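Input: a single structure, listed below in structure tokens.
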Amino acid sequence: MINKEIARIFREISEYLEMQEDSFRSKAYARVSRTMEETQEDVVQIYERGGKKEIENLPGVGKSIAEKIEEYIKTGRIAYFEELKQKEPIDISSLTAVEGLGPKKIKKLYNELGIKTLNELEVAAKEGKIRKLADFGDKTEQNIIKGIQFLKQSGNRLLLGSAYIIAEEIIAKIKQCKGIEQVGVAGSARRMKETIGDIDILAMIEKPEDASAVMESFVSLPEVINIYSKGATKSSIRLKEGMNVDLRILSQKSYGAGLMYFTGSKDHNIEIRKVAAKQGLKLNEYGLFRGNKQVAGDSEEQIYEYLGLQFIPPEMRENTGEIKAAMDNKLPRLIKEEDIMGDLQIQTNWTDGEHAIMDYAEAAIKKGWQYILITDHSKRLAMVGGLDEKRLREQGKEIDAVNKILANKGYNFKVLKGIECDIIKDGELDLADDALAELDIVGAAVHSYLNLPAALQTERMLKAMENRYVNIIFHPTARIINQRRAMELQMDLVIEAAFKSGIALEINAYPDRLDLKDEYIRKCVEKGVKLVINSDAHSVRHMDYLKFGVAQARRGWAKREDVANAWPIDKLFKKLKNDRKR
DNA sequence: GCCGTTTTCGGCCCGACTGTTTTCAGTCG
């Protein structure tokens with residue numbers, strides 16, 4: 001996958017151009033860098049499908065940049081970038097990673113002191129050379145030293161699941177401050193991105209004079225190890241966990257505008273501000289203005305409405321067509337957590353799960369669900385005691401017994417018989433067809449040989465999908481966020497096969513999986529491929545993860561109709577099972 | 001370098017905070 005590599009090169013080009021004061025061209029490259037970062041489909045595949053023209057369809061990509069992408073695909077390099085690097089051989093990406101250092105300062109450091117690398121920067125700072133430069137001073141030098149220190153100990157972006165917990169803890173503390181009307185999370189956490197860089201928190205206060213006390217208690221939270229900035233309305237800190245948190249304080253009449261601004265995404269905001277500008281309006285984080293007069297701002301709903309747009313849910317705010325859709329009144333009604341009627345992937349103490357079938361059933365009933373599917377591993381996963389045909393049938397008896405007890409208690413609830421059947425290397429399934437035939441719903445998943453080349457891996461997957469008993473492919477790409485790359489799969493072919501066969505693809509809600517990714521989900525939705533959102537619970541408490549899967553589905557523009565486990569049980573059987581074209 | 005319901009040329013989101021300076025450039029989001 002070369003998208004990330006191209007993204008990095010364009011980001012560096014952007015920074016070189018910024019050094020040369022070519023700000024607009026720089027922004028053009030920065031924008032395409034973000035696009036490449038977010039594009040899930042391999043740009044090589046896009047190129048193979050439709051050549052340079054197809055690449056130009058990517059937002060922000062024009063003729064010149066499309067040519068550079070083509071050049072990279074063909075030759076593995078971009079001559080323009082090589083020239084820039086040769087002229088000024090600076091390790092820009094490492095240096096800009098230092099908080100407070102940007103292209104202009106880096107340029108000065110290079111010109112005055114010949115600094116090219118992080119190491120040279122650190123040495124110069126520690127030797128006190130930086131403070132002597134014009135426009136630099138003691139503080140800047142200290143901040144550089146600190147910045148390098150933090151850089152060395154900071155790791156990956158945090159999983160949404162973890163960031164959420166941290167944000168909630170901080171919010172709870174801020175809520176206790178005097179004069180606080182409302183506190184909420186904004187930023188990528190509110191957009192429910194799968195990983196989070198910084199946590200953004202927004203607070204509304206009644207009286208402006210309370211602001212400084214709120215800021216004071218924010219920056220003195222016990223977890224704080226650095227204060228980047230502290231102002232009347234905006235402060236920025238770093239937590240022990242290695243995570244940066246911003247707090248912004250707003251008045252009631254600006255809360256909606258601030259929430260919108262702080263939620264992003266950046267590209268969404270830029271586009272929305274352009275929409276405003278076209279109507280002779282100005283949008284900033286304080287409100288929507290005509291001249292000096294505020295015409296909207298206390299709620300997001302009000303701002304979108306004034307601009308003639310439908311309300312755009314935060315998960316959609318990525319500038320990938322949602323603004324146009326909102327303009328045309330064509331936003332989909334996204335799936336909600338309340339729409340979910342059951343969970344179709346649960347591991348019990350028959351294999352590597354923590355709890356018994358009845359425990360999960362009771363928890364599901366509490367959630368108001370109508371069914372769960374029990375899906376322990378199959379025998380190939382010997383490590384966790386995967387079920388063979390015999391034990392699977394024994395488990396079926398326990399499920400029957402649980403259902404009987406629940407029925408006697410008067411619950412309208414059903415435990416369904418399933419399996420997470422291993423797809424072995426050649427695409428065959430791990431269990432015999434006659435055993436699968438006895439189950440209500442069959443899930444299949446890859447757990448081994450994750451490094452096969454794309455063609456082979458795809459062939460394997462398609463072969464498994466030919467099995468007439470398979471209803472769902474679990475965690476289709478097998479990635480683990482921050483740990484393991486997705487399998488190399490030609491997803492277009494997999495999605496096509498799912499469409500033809502009537503097999504559903506899973507959105508696995510486990511925080512470090514979230515597999516399918518949002519972009520693939522959107523392709524499924526466009527194509528009419530059925531989805532399911534499962535917790536992959538190995539414990540009763542994991543069933544709460546479903547909300548992250550729902551969020552991922554929303555980021556992929558999925559509606560209730562697209563998600564099989566948002567359907568009542570009879571429709572679930574009809575559409576997922578009996579409609580399966582065999 | 002990109003882009004178009006004012007446009008194929010002339011624009012390009014907007015503001016807070018910091019540090020170094022006497023009015024602002026650089027950085028960040």
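Source: prediction; values computed, not measured. All heavy atoms count here, side chains included; hydrogens, waters and symmetry mates do not. Throughout, protein chains are lettered first and strands after them, A, B, ... in sequence-line order, and every chain is numbered starting at 1.
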Please determine, for the side chain of Lys105(A), which listed nucleotide (dG26(B), dC28(B), dC2(B)) has the closest atom? dG26(B)
Does Tyr261(A) get its side chain close enough to the base of dG15(B), under 3.5 Å, for a donor-acceptor pair? no
C1' atom, dT20(B) versus dG26(B): distance in rounded Å? 11 Å
Side-chain atoms of residues 214-232 of chain A: list all donor-acceptor pairs with protein atoms under 3.5 Å, sequence neighbours left out, distances to 0.1 Å.
unit_1    : atom_1 : unit_2    : atom_2 : d
Glu216(A) : OE1    : Lys230(A) : NZ     : 2.6
Ser217(A) : OG     : Ala213(A) : O      : 3.1
Ser217(A) : OG     : Val214(A) : O      : 3.0
Ser220(A) : OG     : Glu216(A) : O      : 2.3
Glu223(A) : OE2    : Lys173(A) : NZ     : 2.7
Asn226(A) : OD1    : Lys146(A) : NZ     : 3.2
Tyr228(A) : OH     : Arg238(A) : NH1    : 3.2
Tyr228(A) : OH     : Asn244(A) : OD1    : 3.4

For Asp200(A) and Lys324(A), take the nucleotide of DNA chain B holding the closest heavy atom to each; which residue's nucleotide lies nearer the 5' end? Lys324(A)
Donor on one side chain, acceptor on other, Asn3(A) and Thr39(A), under 3.5 Å: no
Minimum-distance nucleotide (side-chain atoms of Ile65(A) versus dG29(B), dG1(B), dC14(B)): dG1(B)
Glu285(A), nearest nucleotide to its side chain (from dA16(B), dT27(B), dC28(B)): dA16(B)
Of Lys108(A) and Ser235(A), the one whose closest DNA chain B nucleotide lies more 5': Ser235(A)
Considering only the C1' atoms, how many Å lie between dC2(B) and dT7(B), rounded to the nearest integer? 13 Å
Same-atom distance (C1') from dT18(B) to dT22(B), integer angstrom: 16 Å
Distance-only, no hydrogens or angles: does the Thr75(A) side chain make a donor-acceptor pair with backbone N or O of Arg77(A) under 3.5 Å? yes
Quick check for you: among dG19(B), dC17(B), dG1(B), whose closest atom lies nearest to any side-chain atom of Ser229(A)? dC17(B)
The nucleotide from dA16(B), dC14(B), dG1(B) with an atom nearest the side chain of Lys282(A) is dC14(B)
Is Lys68(A) positioned over the aromatic face of Tyr80(A), cation under 6.0 angstrom from the ring centre and no more than 45 degrees off axis? yes
Rounded distance in Å between the C1' positions of dC3(B) and dC13(B): 15 Å
Could you work out which one of dC28(B), dC13(B), dG15(B) sits closest to the side chain of Ile270(A)? dC13(B)
